Structures are given as structure tokens and as C-alpha cells.
Amino acid sequence: MKELSKAYNPQEFEADIYRLWEEQDLFNPDTTHPDGEPYSILMPPPNVTGVLHLGHALENALMDIMTRYQRLQGKRTLLLPGTDHAAVATQAKVERLLVEKGIKNPREEFGRQKLLQEIRTYAEESKSTILSQIRKMGTSCDWSRLAYTFDAERSEAVNEVFYRMYHDGLIYKGYRVVNWSVKGQSTCSDDELVHIEREAKLYTFKYSDDLPFAISTTRPETKLGDTAIAVNPNDERYKKYIGENFIVDVGAIKPLKLKVIADENIDPEFGTGAVGVTPAHSPIDFEMYEKQKADGNPIDLISVIGPDGQMTAEAGPDYHGLDVLAARQKFITWLKDNDLFISEEEISQNVGTSDRFGDVVEALPMTQWFVDVNAVIPNRGKSLKLLMKEAVTTGLDGDKKKVVRVTPKRFEKLYFNWIDNLRDWCISRQIWWGHRIPVWYCRDCQESVVSDAKQCTIILQRHGEADSNANDYLNSDVSKVNNRLTEKGRKQVLAAVKKMPQINAIYSSDMERAKETAEIFAEKLKLEIEYDDRLREVGVGDFEGSPDVGDGFNQTRAKFSAWHHDNPHGIESFDELKTRVFASLTDIAFEHPGETVLVVTHGDIARTAQGLHENISDEDIFHLSYPDTGESFEIKITPVTCECGSHDVYQDEYTLDTWFSSGLWPFSTLGWPNNSHDLKDFFPTSWMQMGYEIIFFWMARMILMSSYTLNEIPFKDVYIHGMLRDEKGQKFSKSAGNGIDPVEIAEKYGTDALRLSLISGVTPGNDSRFYLEKVESNRNFINKLWNISRYIFMSSKAKYSDSVPSHSAADDWILSRLNRVIDAVNQLFADYNFSQAAELLREFTRDDFADWYLEIAKVEKKKDDILIYILNNLLRLWHPFIPFVTEAIWRSMGEKSSVMVSSWPKVKSAIVDQEFEAAFAVIPEAITKIRNVRAEYRIDPGKKIPLRINSNAKETMLADNLEIVKALARLDSIEFVSAKPDRSASVVIGPIELYIPLAEVIDIDQEKERLSKELEDIKKYVNSVKKKLDNKSFVDNAPKSVVAGEQVKYEEAEQKMILLHKQLEELK
RNA sequence: GGGCAAUUAGCUCAGUUGGUUAGAGCGCAUCAUUGACGUUGAUGAGGUCAGAAGUUCGACUCUUCUAUUGCCCACCA
């Protein structure tokens, strides 16, 4: 047995222990419990937008506690780690950082490839930080199964699901009013809106004098696009006009034709009871537009606001180019000038803002991709909406086994409410960081193709610096110059090799400088090189060997039209260049679907490939920047063949909502769409935890995707946790400046203390507070456990054995307690009540074990085996909560394998004896009462005093365990007496009377007061119980056991009362 | 506008099908401490369970209403 160091210093062992677990592959269920019953938890993937915060730390603690608990039960437990590319969140973040660095418009200045490269670099960095932080939290996840929502496997799943939904008619492209963030230049879904309340003005006016209506609006500028007036069909004032058309001229490009339409939802009481209908800029009005169209009574749709947030030409020459606020003022002025303005009124209104970009969104009509939540799924007879509902109510198709249990249950209501109000989900985004929509358009026949082909990731690597770069001359003819890499160039390549991800194949231009570069890669990556002359640098014609100055090569090309189709000065035409690059890369993609390929090539070729990939104009391609020598960027090409046979397709440039890929997480991480073992074994997953703020975003989407794709629920149980708040109850946020770095806390107090603090006080679904005092007290507690162990190791030489003989009442007591605690902890785990489980363990460890049993053990001696036994059990019970310290102590105990793969203690019910425990309680009670008297009379704690016991207690538990009382209450003599000695303090415990003869210190008055006070208390109690028992209806109606219990209480209390009374009498 | 949650000791919170003399931790007070642990121990003070009504033999617990706080949802233009 190793001695534990004197102080508990988590910094000394936590990192080593985690490394050891990893080295022994203990997080991998296939290593530890290959034959156990599968149990799986998926980590909600943190966004790669920054660093781990306290909320993540809480989630890690919760998941890991559950994982370690299940693993100790012998289950084949998988906790699968991963991260989320978080499309818009990440791009918004990186753009913000770039703007801070002085780049005003990153998208314009960088272009797609370069910005994506920036984002990717940021994301990868953030990812590796987060992963190391997860390790720091002690999370026992299986790193061999690490996933990323944006990696090749997950992309494959995304495309496959899109493909299926499209062919099932659940995904459609439609012209609809969507939420548009002008600042982010992208759509967002309804769920991504954050509603804020703000003051606004409600204006009332007429379109023209001829019109019998006045209308009210908060957005006068949109009225330039009005095409109807809606009234309630039962509104007597306006009924007669329904169906009529009015022509008004409010200054738009042409006069507006306004049809009066009826709509039930119009409130006749609000405003004037007539509503100007702007189908293009209001989702509700758009619905009216759709309805009118469906009814064969179409109205127009005029878009007067553009994606740039400015008025369009449709709005008329007076307004065109103005931003909305300026247009509003101008329109109001016009109304006033023409005596059409009636009134304005301050109202408060709710507006939707973009959760990532923060601006108020505009409603704009656009062509976007949607998931239809109401359409009937072929062969299923029900809609996605219905599937989502079934999964939480009856189970899918009524199968009770396919039902998600939500803890706490009240969140189900929230979920249903959301489903009921759900509209079609807009899944296309105009940002670049994300999964491209897997739709291709054919350049030959103009048709679109939705393909489930696996995309090939191509890393375009420019060769390292060559002689031509260093000495500035052009070289594209392999036969003319032997242009090799410089020393610097080779170094660049070696550096690039280190950064290279897993590669399946290498292709290279056959020019010397590329060849040389490729060879370095090939050697290091142990791959063969395929040479392709179509990857050669652009042909420079007559400029071969000369520096590119004056009227040289690039000047010639700058006159774009001159070499577009032709070959001025013998240079390669752009058409020829594009054709060979496209053909080469397409061939590669078809050769390596689903793989990552390194293509070593030249600057101009890389840029041309990039341009082709982005589907931008030839001239724009020419103006793209090169990658630097030795640098690379990646593009993804999916080998798609159009129905017409052409490979000449380009992909839709929109990307998918990030929640589309997150929704697939429960199965995409387990190998779907491939028929993997993991999918069979671990899906549906067993348990999932998440914060209530992502129930709509994530839980709902996972249920949608799983029930659609696999006709299964994604998880059997979902545990909803609350948010962490600071000590004042405020949210943690950067802007509030109250952020706490979990890693810093872990470093200072130890991860174990952090974990315990995070979950303490946490109940399902409720917010909890986090503050340093909590961490400190938990650290102190762990230190206590450390010292308990240290003491036991110092005093005991025993080895753990699964069964230990009991030598005394105290032994029986502690063993019974232990088993009862194990039982209770199991129950608390079953209810996901982690905080209480830890609380219970803490109580047992500190109060029962350390404060009582260890002290008793010092008196009774020879308890080595029991001490070790209990400690061993305790370490296993504590391990899910505080994995590091339990492992450290476990190893010191001489155990060879890890505590994390030992076994969860079994309840030995034969040992549990609650009655005996209750009987034993007299001993601590007696000791406490005596200590109490000592404290009251200020007796020096070191001084030993005598004790007399009324002899009627001779045959009790107390009489059998006097040695314990003697030592712990610091007594020098104990005798049984038949009468109370003179001048002594007395206490009553049930039927037992204890006397403490203290002639020299005793104060009769003080003693009288003390006893009187106690007598008063007990009298009150006796009376209340008596009243109850005298109440006939109580005796008649209450269950017998309750009445009997009250009777016992009464008798005991009464006896105590009599004894106290007697003692008080004796004092007089 | 609709909904959800919370309200228990100075602070943070338990209290799981109605029966407890309503608990814990921190803080506070008093005392102790060469001892496994001062990152400690012993002892104590402190609450009409937000308010009102109701159901019941019995309410912190169930019902209704009220108040305060927080959160979520929502197409009064």
C-alpha cells in the first residue's frame, strides 16, 4: 500500500490519471465490456466557436457521471464525443473577428475560398482547444469514435437524408417569404429569431381620398408594395366592398391595384379594422396571398425591399435606393403633404431579430429550400409533424417501445406547443460555412440533379517555392527549363506535410516543381503519386523563361477578351485551361468518392479549380488570388452525372441550416448510412441530456430526423437540465463580465471539486447557481475523503475482501447503513437525481463514517478489514462523481486495475436492518447529549468526567457499548445507579436517564432552566400528539399504521416527559 | 395575449405518490485543537414553509385565487 501524500493536491495526479485511462483504452466499450448490455450516450457536440464554458462543463459532468455509473454496472457503455461546425454561428464569429481586425466586408474582400479557409483555421483551433478541455473535465468518452458534424462521414449522412427527403417530396424549393438578416445576408428559420419588445409608432392613413378605407401600420414604407386590403368578413362597415378593386397611386413605380379581401383573422376592433396587405413583406400577408391564389382569386406580389435592406426599383423612383427608415419618413411626409395622414400612436411591438447577427430581420420573398412538415410521407401515411408527436406520446406507430421519455415531464408540453405552431422549415442559408445543398445544375441541359453521391475532398496544394518563383521567371514548358524547388520551397513543403489531414491518394502535375513537392508528401504519407499533365501550370506561350513585367504574360491576360477563346502570343486560352482542369478534377472525384485527395499543382490551376467550384464568372476567376507557394486550400467535389450524361454540373451555392446536420447526430455518429455494428448496438441511444433552450432546435430535429430516416426514436430518455447562473442569479455572459472559466477552476481546485460543485443543487429542468464558495467546500470535502483514506492506510494493513465479519454493534450499524445508502443511491440514479445522490454519499461519508464510525473504530480497534471494506465501497460509489481522486486513492490501495472498470457495489439486503440502526442511534445520541451538557457548563474538553446511568437501562444497547461512550464523551467512570446523585446534570434518552455528577460546577438554577425548557418543548409535543389521538375522526379515518405510529410517539414522548418532570422535581 | 416555473433559516437549496417536533450546506455565535484532516472537530442560535380561501381526521405537500420574480411562446397589422 502506497502512502498518500499529506495534502490533497489534485494538480499532482489528475492529468496523469486521465492519460493512463486513455492509454489503457478504458473509455472504449469494446475494450472494457465487450459483452455487456449496450448503453449509449451521445455528447451534445459543442460549437467550434470558442472555448468550453461552464454550461459545457455541467453537461460533461452530468454525462460522465451517468456514463461511469452505467459502466460500473458492467454495461458496454459508450459516451461518444464530438463537435459541431455550427454553420452560421462560426461564420458570424469569424467575420466579426475579421471586422475587428479592420476588414470591412470579409465576404467581398476574401471571397469564398479564402474566407472558408479563415473559418476552417479558426474552427480547427477552437475544436482542438475544446477537445482538450473536455479531457480536462475528466469525461470518459471514447475518443476513437470522435465525430464532427462537418467531417466526411457526417456529410455523407447529410446528403443521403437530403436525397431521401427530396425524393419523398418533403424537401422542396419554393418562392416564399422568409426571414432575412440584412446584416448576415442570409435567411434564418423561425426558431433562430429572438423576439424583442420595442416601442413603435402605429400610423393611420388613407391610400387616397377616393378610398373608403383608412388603414393602420407600423411599416408605412412597405405599403408601396400593397396589393390588397383585408377586412373581417363580418365587419358591417366594409362587407360590401369585398371583392372590389381599387387603383391608388402612392408613388410606387406603377399605381397599386388593391383588391378588398376577407380574412377571419382580422380584428375589427384593432385600428380601423382594415389591413393593408403586403404579401412580399409579411409572413401573414403572404399566407393570405397563397390562400387567394389557391381560391382562384389571386392578388399581386410586389417586392419593394431588396436583400440589401434598401428599397427596390418597384418602390418607385422617389424611394429606390433608400433604406427602409428613410423611405418610411419620406412616405409619411408624402401622406401629410397630400392630406392622407390621419394619426400616429405609440405602441409597443415585438420584432424578430437574428440570433447570430442581431439585426431586426426583414420579411422578403425569396427562392429557398424548405422541409415540408405537413406533407404526407410516401408509404407512411403521416407527416413529419405527426411523427414528431407520436415519438413523445404513443410511440412511433403506436409502439410503446419507441417513445421518448422526457425528464421533467413538463417540457413535453412545451414541445407539443412548438410542433402545433410549426411551419415549413427553411433549411437553406446564404452563408458559406456549412454543408452545401446537394443539388447540382447541369450546364449542358440546365436540369437539376439531387444526388447522393459521396463527395470527394480535394486539397489543392501549390508547390513549394521554386527557382522560377525566387528568380521571377515564367515556366510552363516541361521540356525547356529544369525548374526545381529552392531550399525554402522544400521547407515550406515539409511544414505543409505536418498540417495535412488523412489523405487517401496523391495526384500531381508532372512539372518538376510540383513533382518534387508531391514526392515529399508521398514519402511522408506513404502513398503512390498519380501524375496528370492536365494539372500543369497554364501555358505561357512566348513568355516562357521571361520575367512577368511590362507587357508580359499577365498584362496580356488582363485584356481578358484576348485570350478567353484565343491564344495570343501562344498562351493557353482560358477555355482550354478550364476544360482540362475541370476534366482532371472531375476524374479524380469519380475515382475517389468519399475520400480525401491531395492534388499538387500550381497557382493558376488552384485558382481556376476554385473558381469552377464556386461557379463564378471567368473574369472573376481571373481576379481570384493565388494560394502562396507551399500553401493549400480544399474544395469538395461530388461526382455527379446529370441525367443527360453530362458531368458538367455545378452545385447549388447555398448551404444547409446547421440543425439539419445536428438532427442526424444520433445516427450519423454511429456510422449511418452504412450498416455499422455501432448503429445496431447503440441506436437508439439510451440517454441524452440537454439544456431546455435547445429543445426546439435540437431535440425536435433529432426526433424528426430519426423517426423519418430510421423509423426509430433517437434516444429513450432525455434529461433536461437548467442553466447555470452566478451567485446573484444572473446568466453568465461575456457582456456581463461574470464569466468563469471552468478550466481555471479545475486547475485551482481540482476537476473533482468542480464537477461536484456543478451538479450540487441541480434538479431536472431547473436553473442553479454556481459560485466559488461551493467549489471550496467541495474541495474541502474531497480533502476529507483523502484524509479518511490516508488514516485508514496508515492504521490498517488489511486487504479488501468482499465479505467482512462483524465484531460489534457498531460494525453491524455501519454495514447496514452502507447498504441502505447504496440502495438509496441506486434509486436516485434511476430518477436522475444526481445532486441528491452525491448529497447522500457526502452525508454518509462525513457523518456516519468519518465522524462516528472512525472514532468508534479508534476505541474498539481491530477493524482493519471493515475499514478497508467500507473505503473500497465508498470509492466505487463516489467514482462517477469524482473520478480522479477516487482513482488516485484506489491505486494507493494496491488495486491493479482502474476503479472505473471495477464494479458497482451490490446491495446486500440481508445486512440491512433499519430497526437495529434505530436502536444503535442511542449511542451517538447519548454522546451528543453529554457533550451538550459539557458545553453548557463549559467543562474543559480535555477534562474527563463521571457518568451515572439509571440502572433500569442495564440491558440496553447503551449498556453493551459503554466503552464507546466513555471514550467519545470523555468520561472517566461509568456506574449504574438507582437514584440520581446529588448536584448532577441529567439527560433523558427514551427510557434512559443519564446523570452527570458535577458538584463543583453545577448550578441548580441553570440546570432547572435547562430541564424546564426541554420539558416545555416535550409537553407541547405530547399535547399535540394527544390531541391527534383524542380526535375520533383521526383514529377512525387515518390508516392503522399511522395511528399506531402516533401512539408509539406519544408513549415515548410521555415517558420522556415524566422522567424530565421527575428530575426537575428532584432538583427542588 | 398564451403558457411554464419559482417563492421554505441571513444566503444557496433539499423536502418523490398528504401523516417529519420542517432538513442540509454556507454564514453566524461559543469552545477546542502538537493527534488522518484547521481544507478540522464539538456545541448552539436561527423558519407562523409568499398571502388568502378551500378539500381533508390531517396540507410545506392537493385545488382555486392573489402577489412578487424569472423564463418560454405568439401574425394585433
Side-chain angles (χ1 to χ4, degrees), chain A residues 4 6-8 195 202 215-219 230 265-267 269-278 282-288 347 349-350 363 408 410-411 413-414 417-418 421 692-693 695-696 722-723 725 727 729 749 753 760-763 765-771 773-774 776-795 827-828 831 833 835-836 839 842-843 850-851 854-855 858 927-928 931-936 938-942 968 1017-1018 1020-1022 1024-1025 1028 1031-1039 1041-1043 1045-1046 1049 1053:
Chain A
L4 291 170
K6 184 146 169 55
Y8 162 61
H195 289 274
L202 181 69
I215 59 139
S216 298
T217 183
T218 52
R219 301 277 321 258
N265 294 319
I266 305 299
D267 177 4
E269 304 298 315
F270 187 85
T272 62
V275 179
V277 180
T278 325
S282 153
I284 321 137
D285 295 3
F286 184 77
E287 269 173 32
M288 293 188 207
I347 59 161
Q349 70 166 359
N350 264 313
R410 65 183 144 93
F411 286 105
K413 248 196 237 171
L414 204 71
N417 180 47
W418 177 83
N421 293 312
Y692 54 71
E693 69 279 3
I695 290 178
F696 307 139
M723 252 185 339
R725 297 169 174 276
E727 71 277 0
Y749 297 94
S760 79
V762 167
T763 47
N766 296 323
D767 292 353
S768 59
R769 301 190 190 200
F770 183 89
Y771 38 86
E773 287 82 352
K774 242 186 192 176
E776 263 171 44
S777 82
N778 281 309
R779 193 262 326 264
N780 296 353
F781 171 75
I782 295 167
N783 176 64
K784 180 94 188 168
L785 181 63
W786 182 266
N787 276 297
I788 290 169
S789 316
R790 208 160 83 86
Y791 170 72
I792 293 175
F793 292 166
M794 280 164 62
S795 63
Q827 189 50 49
L828 289 166
D831 295 339
N833 217 328
S835 175
Q836 279 207 65
E839 196 53 47
R842 187 206 310 268
E843 250 168 51
D851 291 348
L854 277 188
E855 294 307 319
K858 286 176 190 170
I927 294 166
T928 303
R931 283 172 177 169
N932 191 332
V933 169
R934 296 182 66 121
E936 190 123 352
R938 300 186 185 282
I939 295 166
D940 181 347
L968 301 191
D1017 289 348
I1018 197 78
K1020 264 190 232 158
Y1021 179 59
V1022 167
S1024 79
V1025 181
K1028 229 185 224 179
N1031 183 343
K1032 192 167 175 311
S1033 34
F1034 170 71
V1035 179
D1036 290 348
N1037 292 312
S1041 61
V1042 173
V1043 178
E1046 291 296 313
K1049 278 189 212 161

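Predicted model, so just to flag it, every value in this text is computed and none were measured. Here is how names work: the chains are called A, B, and so on, in the same order as the sequence lines, proteins then strands, and each is numbered from 1.
- Contact annotation: the side chain of Lys1028(A) never approaches that of Val1042(A) to less than 4.5 Å [non-hydrogen atoms, C-beta and beyond].
- Within 6.0 Å of the NZ atom in Lys1020(A), the count of heavy atoms belonging to other residues, nucleotides or ligands does not exceed 12.
- For Asn787(A), the listed nucleotide lying nearest its side chain is A36(B); candidates were A36(B), U16(B), U43(B).
- Regarding contacts with the backbone of A74(B), a side-chain N or O of His195(A) is found under 4.0 angstrom from either OP1 or OP2.
- Side-chain contact check for Asn265(A) versus Glu287(A): every heavy-atom pair is 4.5 Å or farther apart.
- Atom pair Phe770(A):CZ and C13(B):P shows a separation of 14 Å (rounding to whole Å applied).
- Between Asn783(A) and Ser777(A), the one whose closest nucleotide on RNA chain B sits nearer the 5' end is Ser777(A).
- Distance noted for atom P between C26(B) and A59(B): 34 Å (whole Å).
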Distances for protein N/O vs nucleotides 27-31 of chain B N/O pairs under 3.5 angstrom?
{"unit_1": "U30(B)", "atom_1": "O2'", "unit_2": "Arg938(A)", "atom_2": "NH1", "d": "3.0"}

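- As judged by a 4.0 angstrom heavy-atom cut-off over every strand, Ser282(A) is placed among residues making no nucleic acid contact.
- One interatomic measurement links the two molecules: CG of Asn417(A) to P of A74(B), which rounds to 8 Å at whole-angstrom precision.
- Across all strands shown, C49(B) forms no Watson-Crick or G-U wobble pair with both key distances under 3.5 Å.
- Contacts of Asp285(A) with the nucleic acid, taken as non-hydrogen atoms under 4.0 Å apart, are absent.
- Regarding Arg790(A), its CZ atom lies at a distance of 6 Å from the C1' atom of A36(B), rounded to whole Å.
- In this structure, Phe770(A) has no ring pair (Phe, Tyr, Trp, His ring centres under 6.0 Å) partners at least two apart in sequence or on a different chain.
- The partner of A67(B) is U7(B), judged by Watson-Crick or G-U wobble contacts that both fall below 3.5 Å.
- Each of Glu727(A) and Asp851(A) was assigned the nucleotide of RNA chain B with the nearest heavy atom; the assignment lying further toward the 5' end belongs to Glu727(A).
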What N/O pairs connect the protein and nucleotides 3-10 of chain B at under 3.5 Å? Give each pair on its own line.
{"unit_1": "C4(B)", "atom_1": "OP1", "unit_2": "Lys413(A)", "atom_2": "NZ", "d": "3.3"}

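- Between A77(B), G70(B), A36(B), one nucleotide has an atom nearer to the side chain of Arg725(A) than all others, and that is G70(B).
- If you check C75(B) for Watson-Crick or wobble pairing at under 3.5 angstrom, you find it has no partner at all.
- Between the CD atom of Glu855(A) and the P atom of G41(B) there is a distance of 10 Å, given to the nearest Å.
- Across all strands, Phe696(A) comes closer than 4.0 Å only to sugar-phosphate atoms, never to a base (heavy-atom distances).
- With a 6.0 Å cutoff to the six-membered ring centre and a 45° limit on the axis angle, Lys774(A) counts as a cation-pi contact of Tyr771(A).
- The CZ atom of Phe270(A) sits 5 Å away from the P atom of A77(B) (whole-angstrom rounding).
- Neither OP1 nor OP2 of C13(B) sits under 4.0 Å from any side-chain N or O of Gln836(A).
- At least one cation-pi condition fails for Lys1049(A) and Tyr1021(A): the charged atom is not both under 6.0 angstrom from the six-membered ring centre and inside a 45 degree cone around its axis.
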The test is side-chain contact (heavy atoms from CB on, under 4.5 Å); show your working for Leu785(A) and Tyr8(A) and say whether it passes.
CA-CA 9 Å; Leu785(A) 181 63; Tyr8(A) 162 61; over 6 Å; no
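- Listed by chain and residue number, Pro408(A), Asn766(A) satisfy the side chain to side chain contact (heavy atoms under 4.5 Å, CB included) test with Arg410(A) (two or more places apart in sequence, or in another chain).
- Side-chain proximity of Arg931(A) to U43(B), A74(B), A77(B): nearest is U43(B).
- Under a 4.0 Å N-O distance rule, the pair Lys858(A)/Glu855(A) qualifies as a salt bridge.
- Taking atom CG of residue Leu828(A) and atom P of nucleotide G15(B), one finds them 10 Å apart after rounding to whole Å.
- Lys774(A) comes within 4.0 angstrom of nothing in the nucleic acid, heavy atoms only.
- Between the C1' atoms of A50(B) and A9(B), the separation comes to 15 Å (whole Å).
- Judged as a side chain to side chain contact (heavy atoms under 4.5 Å, CB included), and not counting sequence neighbours, the contacts of Tyr692(A) are Phe411(A), Ile695(A), Ile720(A), Met723(A), Asp767(A).
- As rounded to the nearest Å, U30(B) and U69(B) have P atoms that lie 39 Å from one another.
- Look at CD on Glu839(A): it is 12 Å from C1' on C26(B), rounded to the nearest Å.
- Of the nucleotides present, none pairs with U17(B) by Watson-Crick or G-U wobble criteria with both distances under 3.5 Å.
- Among the atoms of the strands shown, only primed sugar atoms or phosphate atoms (P, OP1, OP2) are found under 4.0 Å from some heavy atom of Asn932(A).
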* Run the side-chain contact (heavy atoms from CB on, under 4.5 Å) check on Thr763(A) and Gln836(A) step by step: do they pass? -> CA-CA 9 Å; Thr763(A) 47; Gln836(A) 279 207 65; 6.0 Å; no
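- Separating the CH2 atom of Trp786(A) from the C1' atom of C37(B) is a distance of 13 Å, rounded to the nearest angstrom.
- Using C1' as the reference atom, A14(B) and A24(B) are 7 Å apart when rounded to the nearest Å.
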Output one line per pair: protein atom, nucleotide atom from nucleotides 18-23 of chain B, and distance, for all N/O pairs under 3.5 Å.
{"unit_1": "U20(B)", "atom_1": "OP1", "unit_2": "Lys1028(A)", "atom_2": "NZ", "d": "3.4"}
{"unit_1": "U21(B)", "atom_1": "OP1", "unit_2": "Tyr1021(A)", "atom_2": "OH", "d": "2.5"}
{"unit_1": "U21(B)", "atom_1": "OP2", "unit_2": "Lys1049(A)", "atom_2": "NZ", "d": "3.4"}

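- Using the Watson-Crick or G-U wobble rule with both distances under 3.5 Å, C62(B) pairs with G54(B).
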Carefully, step by step, assess Glu839(A) and Arg842(A) under the rule salt bridge (charged side-chain N to carboxylate O under 4.0 Å, His left out). CA-CA 5 Å; Glu839(A) 196 53 47; Arg842(A) 187 206 310 268; 3.6 Å; yes
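- Side-chain proximity of Thr218(A) to A77(B), C57(B), U39(B): nearest is A77(B).
- Side-chain N/O atoms of Arg769(A) include one lying less than 4.0 angstrom from OP1 or OP2 on C13(B).
- Across all strands shown, Thr763(A) has heavy atoms under 4.0 Å from sugar-phosphate atoms exclusively, and none from any base.
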Audit row: Phe696(A), Leu414(A), side-chain contact (heavy atoms from CB on, under 4.5 Å) steps and yes/no
CA-CA 9 Å; Phe696(A) 307 139; Leu414(A) 204 71; 3.8 Å; yes
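- Of the inter-residue distances, the one linking Ile782(A) atom CD1 with Asn787(A) atom CG reads 12.5 Å to the nearest 0.5 angstrom.
- At the heavy-atom level, Tyr771(A) lies under 4.0 Å from the strands shown only through sugar-phosphate atoms.
- Between U43(B) and Thr928(A), a contact under 4.0 Å exists linking OP1 or OP2 to a side-chain N or O.
- Shortest non-hydrogen contact noted between Gly761(A) and Ser768(A) is O-CB, 3.8 Å.
- Only the C1' atoms considered, A52(B) is 27 Å distant from G10(B), to the nearest whole Å.
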